[in-house]
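Following: one structure in structure tokens, then a few remarks.
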Amino acid sequence: MEYNFKEIEKKWQAEWQRQQTYKVDVDSSREKFYVLDMFPYPSGAGLHVGHPLGYIASDIYSRYKRLCGFNVLHPMGYDAFGLPAEQYAIQTGQHPAVTTENNINRYRSQMDKIGFSYDWSREVRTCEPEYYKWTQWAFLEMFGHYYNNKLNRADKIENLIAHFEKQGTEGLDVACTEQMTFSAEEWNAMSEKEQQTVLHNYRLAFRADTMVNWCPKLGTVLVNDEVKDGLSVRGGFPVVQKQMKQWLLRVTAYAQRLLDGLDSLEWSDSLKEIQRNWIGRSTGAQMFFDVAGSDRKLEIFTTRPDTIFGVTFMVIAPEHEWVMDLTTEENKQAVEEYLEMTKKRSERERIAETKRVSGVFTGSYCVNPFTEEQIPIYVSDYVLAGYGTGAIMAVPAHDSRDYAFAKHFNIPIIPVVEGGDISVESYDAKAGKMINSGLLTGLDVKEAIPLMFDEVEKRGLGKKQVNYRLRDAIFSRQRYWGEPFPIYYKNDVAYPVSEDKLPIILPEIKNFGPTEQGEPPLARVEDWGTEEGYPFELSTMPGFAGSSAYYLRYMDPHNDTALVGKKENEYWRNVDLYVGGIEHATGHLIYSRFWNKFLYDLGCVCESEPFKKLVNQGMIQGRSNFVYRVVGTNKYVSLGLKDQYETQEIHVDVNIVKNDVLDLDAFRKWSPDYADAEFILEDGKYICGWAIEKMSKSMYNVVNPDYIVDNYGADTLRMYEMFLGPLEQSKPWDTNGIDGVHKFLRRFWYRFYDRQGNWNVSDEQPTAAELKTLHKTIKKVREDIENFSFNTSVSAFMICLNELGDCNKRAILEPLAVLLAPFVPHITEELWHQLGNESSICDAAYPECNPAYLVESSFEYPVSVNGKMRFK
RNA sequence: GCCCAGAUGGCGGAAUUGGUAGACGCGUUGGUCUCAAACACCAAUGGGGAUGACCCGUGCCGGUUCGACCCCGGCUCUGGGUACCA
């Protein structure tokens, strides 16, 4: 029998489906293991060879864990709401539901060909009402809760209302948008509408006026991740800053817990670092500066209270609410002009002018509480309204931004820490001896900072404070293709739809663009509202809404009374291994953790972190090929000779190039432009140039997995993707190397069959050398899988086969097949059955776990050489 | 600017974490088979050297050590994250 991968793979994929080999259920007699891939957004382009990399790695790990005896949950689904389908709909009128369905089918057929062990009975799609019912439900719960800092968890909003009724804001320690103070009497005297407005200051899902990235062309709000260099990531349209009423999630309430939780996770240090920076905790002092000639006290935040003797001016953000109050009559015009200018400046311009210093003097002064000196107050957009208090004390000698500002406006620069040369630049380091600083003079910076915290509190000037860079997540999008909000409006007040009315189903529409009035597409739906006629919210939820709790839904995907059943959640708990791209570090991976912690507070889930271990697979880059056209002709010169001509580099389809040698006929046929091409060859061949670039259509370097599966088989594809290099590293795809892996599988096959195709497995006893090779390989492969070092385990298999020579003994080949099964499930399943086994190789025991395969006496343990354990 | 990761043959990458650098695969060269080609198989393959015991080699400079791709100090370059966060 020949190694006919096409037949073998087709046969077993059908068989696995028929027997439901990969279906799993709660089984309290076995230990669980949950392996999850980041589910894909099904784009119209289909999968290229880079996409399945992480899926293959997690599939190998799942199959391995199953062989080791675990009950493995390994599901897959689709993140199906999103902008591309909507953009396509606006352009073509094709309903996003239709294109999404088509794309999903395409993805599914591509994935099926690779032989994954997913339990498809658990598939979820975020755009289906049965699924987004629970996205809406979670939102309602957030709407119905606030964050209680004393309990350090979310609490029912009813409890907050009760507190207001009894004692107003007295004794409250809760997360809020802004500090409010009112008494019980004041609260009780408020109208329903006023009370509801106040509550938005505390709810975990709330409405507020915020500066947002508004993209006029897309007609929607974008989060920072969706904007790059002032342009939208999708489409590349200009984005401007705009004040709008938006729904937000109070992620900041969980900042400290999100930070603390990182310590317990098995994530890479770099990923944890990205999240820490994103959360951006900093400890400093809140301080009040008296405004000269007024009873106002300007509140600022600083991490360097030790430099107070070097303060020579104050700066407030253009959006600071006191700007006009602090501006004197003679400076009024200049300040107003400045405010007008900053308002007009878009995000894009700000970035372009990032080094340009601008600002204006208000005419007012603060009093330095330590020196009693008067210091001028400026307005400048280098101070952000959204961080700290929107006002700073400026120390030009020790802050580079303050330094640039002081130089520009000729403000004095007083050094208070020894070490730098302030005639050249500021000295920002937190190290050195204090000078010119009254009571601090002579101390080290490290001593001065804590001393000042005490001093500030003692003198009643302010207190120690922790700030976070993390912002609340903007949660509404002015789009159609997303989850509708379970919110209706009555008398302009937002009310939750009752839970038993969920899901609020996204209505069908024909025109997907914004209305002429700039309203979201849902404004086109005539009866979009409650039965009583109250209008629903017109926005829909953003992409991260549906992806924040999908890992929980997989545990119990068809439950229609809860997001996840208690029994299911307590068995599967959380994700043991999560595999996906690093690009979600500050988006999905923050929001999911937040969402999970909220559900944890509600008692709906039993683990406070969703993803225990996380592995980021690297990106697979494209390897492009070039031909060199002699300028002004239709002649193409081979790489080695191109320096003799003036040439132009042109991308050529990698599929008509093999080992950098161009297929001349295929090139002539590739495009009419090249039909009459002439070539200047070297050694009778046309050698192409190459470069590593992003895999994309425009570079003609896209390789489709279907093509590889058709020509080499799924097993070869799986093994080769792993062989390319370390999983977490970015690396180029190069189809040329694939023969080596394919050859390995053929050689493995022909241990079982001879060249004439006759079954040729012997029952002879293996030699000691053969057993040593086998067990060395078992040990190595197992260690490599546990360390996600799949490339070296593939090498180990190849070495093993080389060492075994032409050994065809069952006692060696059978355990080797089990060892290989996670990597190449089809070929091993076939051989496993040829060996006479009835059940699937998926249910075999991993060699090391199976005593039958361990011949103790013949197994040579590693010996100590120079104090190291090694095999002889 | 700041933070993180990395740099090893013609190419992708190994090196049991301080102990024979270049495993494994690709490519290349030579050979066997064939009328021929493809497939397959065998051999060689870091550089230099009269192709022999020898010398030089892990981005660059220095250090620690009996011994350094690995540890320490200083640079250079590449990739990624972040950007007025006070």
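Within every chain, numbering begins at 1; the chains are lettered A, B, ... in the order of the sequence lines, protein sequences first and strands thereafter.
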Report the residues that fulfil salt bridge (charged side-chain N to carboxylate O under 4.0 Å, His left out) with [X], sequence neighbours left out, ordered by chain and then residue number.
X       : result
K694(A) : none
D806(A) : none
E457(A) : none
E783(A) : K779(A)

| request: Please name all residues satisfying side chain to side chain contact (heavy atoms under 4.5 Å, CB included) with P726(A), sequence neighbours left out, ordered by chain then number. | output: Q729(A), N791(A)
| task | Please determine if a side-chain N or O atom of T792(A) lies less than 4.0 Å away from the OP1 or OP2 oxygen of G13(B). | result | no
| request: Using the salt bridge (charged side-chain N to carboxylate O under 4.0 Å, His left out) rule, collect all pairs that involve residues 731-742 of chain A, keeping only residues at least two apart or in two chains. | output: R623(A)-D734(A)
| remark: Here the salt bridge (charged side-chain N to carboxylate O under 4.0 Å, His left out) pairs for residues 790-802 of chain A, sequence neighbours left out, are none
| query | So what is the 5' to 3' dot-bracket string for RNA chain B, if pairs are Watson-Crick or G-U wobble with both distances under 3.5 Å, crossing pairs use [ ] and | means the partner sits on another strand? | reply | (((((((..(((......[....)))((((((.......))))))(((.....)))..(((((..]....))))))))))))....
| Counterpart residues, ring pair (Phe, Tyr, Trp, His ring centres under 6.0 Å), relative to F309(A) (two or more places apart) | F370(A)
| Under the ring pair (Phe, Tyr, Trp, His ring centres under 6.0 Å) test, residues paired with Y254(A) that sit two or more places apart | Y147(A), F594(A)
For nucleotides 75-80 of chain B, which of its nitrogen or oxygen atoms have a protein nitrogen or oxygen under 3.5 Å away, and what is each distance?
none

N/O to N/O distances under 3.5 Å, protein versus nucleotides 4-12 of chain B:
residue: G12(B); atom: O2'; partner: L724(A); partner atom: O; Å: 2.5

